[in-house]
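Below, each value reflects all heavy atoms present in this structure, side chains not excepted, and no hydrogens, waters or symmetry copies. Letters A, B, ... mirror the listed sequences (proteins, then strands); counts begin at 1. Quick caveat, the model's predicted, so the values are computed rather than measured.
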2 protein chains.
Amino acid sequence: MGTSKAHIKAPPGFKEKLEILHDYLTAHGLRNTHQREVILAELLSFGQHVTTEELWDRVKAIDSSIGYATVYRTLRLFTECGIASKHDFGGGSARFESDSGHHHDHMICTQCGKIIEFENEEIERLQDEVAASHQFKINSHRMELYGLCSECHD
Amino acid sequence: MGTSKAHIKAPPGFKEKLEILHDYLTAHGLRNTHQREVILAELLSFGQHVTTEELWDRVKAIDSSIGYATVYRTLRLFTECGIASKHDFGGGSARFESDSGHHHDHMICTQCGKIIEFENEEIERLQDEVAASHQFKINSHRMELYGLCSECHD
DNA sequence: GTAGATGCAAAAGCTTTGCATGGGT
DNA sequence: ACCCATGCAAAGCTTTTGCATCTAC
């Protein structure tokens, strides 16, 4: 009988990310599995910053046999191969998002939890400048603005 | 027999911070204690971003009867009355620093752990600008640059 | 067939809290 | 005296990991 595994509906960007994943797996002697594809698909279709547990809930709806540890380990794998990144916005749990390629920062509404993404080249430039003035070599940075979104004030 | 408690050597800024603390305690019907003064003094004299446990170690050296929970609760108190602030630079434990009054951000060397503080008004202005363009009201922000300090590269 | 992947459950870390006791005011 | 503060130990939570079993290659 064919692989009667749960069907994976491909969300936008799935194909590209899957290719990156496959390349990474091959290059490192790792294996592709059904679980990894399901988790990737759900991460992409979630479309928001998601915690390991939230993602696990969605993944279980597709394949109830997938365990929490697999989601946890797979998210770390995704982070390592550059198709997702991990953030800590406070509130106990780490949150993951699929990488869109271009860097961006976040505004977090402390009232409703909404997360707005933005990018600002001028700020990035100034960061580089500040770092350079301290002979500091930036590898990564985080910048988060906490406050109230337009719907939560006035 | 006066109060033969361990002597507290006043580090720079101790008097001012202590006053803020006392005012806060009075205003909220709370009490001043020897523990709180020791912890404040050690926080100030540490002079670097410190974890609860690291601070506890130093505090115990002054008064070995002080418990971890007291340090923990006192740091939260300090945060509430605005004489200290809490940061999460990753690595498991939260880190505290005494507030210097003027806002600043951090560069963290991922090799040696050194933390360099800096401030940049231009960046702050741009942050306000970005927030305004999204009708977002900033309450606080964090900005951290991760990489290698001058002593850890080349 | 073999080395990596998975699921379960337990271990690890920090953080936070309940409670009896001690101590400011 | 009253009520907050403290110390100790236990509970909570999320993150990690050990291990037997399963599976992609």
OP1 or OP2 of D:dG7 versus the side-chain N and O atoms of B:Gln35: is any pair under 4.0 Å? yes
Residues in ring-ring contact (aromatic ring centres under 6.0 Å, His included) contact with B:Tyr68, at least two apart in sequence or another chain: B:Trp56
Please determine if A:Asp99 and A:Lys17 form a salt bridge, counting it only when a charged side-chain N lies under 4.0 Å from a carboxylate O. no
Could you work out, with side chain to side chain contact (heavy atoms under 4.5 Å, CB included) as the rule, every residue matching B:Arg125, not counting sequence neighbours? B:Glu122, B:Glu129
A:Ile66 CD1 to D:dC22 C1', straight-line distance once rounded to whole Å: 14 Å
If only atom types and distance count, is the side chain of A:Arg36 paired as donor or acceptor with the main-chain N or O of A:Arg31 below 3.5 Å? yes
Who are the side chain to side chain contact (heavy atoms under 4.5 Å, CB included) partners of B:Glu121, not counting sequence neighbours? none
Value in whole Å for how far the C1' atom of D:dT15 lies from CD of A:Glu54: 16 Å
Are B:Thr33 and D:dT6 close enough that a side-chain N or O sits under 4.0 Å from OP1 or OP2? yes
Contacts table for residues 72-80 of chain A: side-chain donor-acceptor under 3.5 angstrom, sequence neighbours left out:
residue : atom : partner : partner atom : Å
A:Thr74 : OG1  : A:Thr70 : O            : 2.6
A:Thr79 : OG1  : A:Leu75 : O            : 3.0

Which nucleotide sits closest to the side chain of B:Arg31: C:dT25, D:dG7, D:dT15? C:dT25
Give a yes/no answer on whether the side chain of B:Tyr68 brings an N or O atom under 4.0 Å of OP1 or OP2 in C:dT16. no
So if I take every side-chain heavy atom of B:Thr52 and compare against D:dT16, D:dG7, C:dT15, which nucleotide ends up nearest? C:dT15
Just report the end-to-end axis angle for the helix from C:dG1-D:dC25 to C:dT25-D:dA1, five pairs per end, to 10 degrees. 30°
What integer distance in Å separates A:Lys86:NZ from D:dT14:P? 14 Å
To the nearest angstrom, the CG-C1' distance between A:Asp63 and D:dC22 comes to 14 Å
Under 4.0 Å, heavy atoms only, any strand: does A:Thr51 hit a base, just the sugar-phosphate, or nothing? nothing
Can you tell me the distance, in whole Å, between the NE2 atom of B:His34 and the P atom of C:dG22? 19 Å
Separation of atom CG in B:Asn32 from atom C1' in D:dT6, rounded to whole Å: 14 Å
Atom OH of A:Tyr24 to atom P of C:dG4: distance rounded to whole Å? 13 Å
Rounded to whole angstroms, how far apart are CG on B:Asp88 and C1' on D:dC13? 15 Å
Contacting residues from residues 69-85 of chain A, given that a heavy atom lies under 4.0 angstrom of DNA chain C: A:Ala69, A:Thr70, A:Arg73
List in chain and number order the residues that pass ring-ring contact (aromatic ring centres under 6.0 Å, His included) with B:His22, two or more places apart in sequence or in another chain; answer none if no residue qualifies. none
Which pairs of donor and acceptor atoms, one on a side chain in residues 90-97 of chain A, lie under 3.5 Å apart (sequence neighbours left out)?
residue : atom : partner  : partner atom : Å
A:Arg95 : NH1  : A:His49  : O            : 2.8
A:Arg95 : NH1  : A:Glu54  : OE1          : 3.2
A:Arg95 : NH2  : A:Glu54  : OE2          : 3.4
A:Glu97 : OE1  : A:His49  : NE2          : 2.9
A:Glu97 : OE1  : A:His104 : NE2          : 3.3
A:Glu97 : OE2  : A:His87  : NE2          : 2.8
A:Glu97 : OE2  : A:His104 : NE2          : 3.1
A:Glu97 : OE2  : A:His106 : NE2          : 3.4

Starting the side chain at C-beta, find the nucleotide from D:dT15, C:dT16, D:dC4 nearest to B:Leu30. D:dC4
So what does A:Glu53 touch, heavy atoms closer than 4.0 Å: a base, only the sugar-phosphate, or nothing? nothing
Please enumerate all residues that pass side-chain hydrogen bond (donor to acceptor under 3.5 Å, both in side chains) together with B:Gln35, with sequence neighbours excluded. none
Quick check: is A:Leu25 connected to A:Val38 through a chain of hydrophobic side chains (ILVMFWY, heavy atoms under 4.5 Å apart)? yes
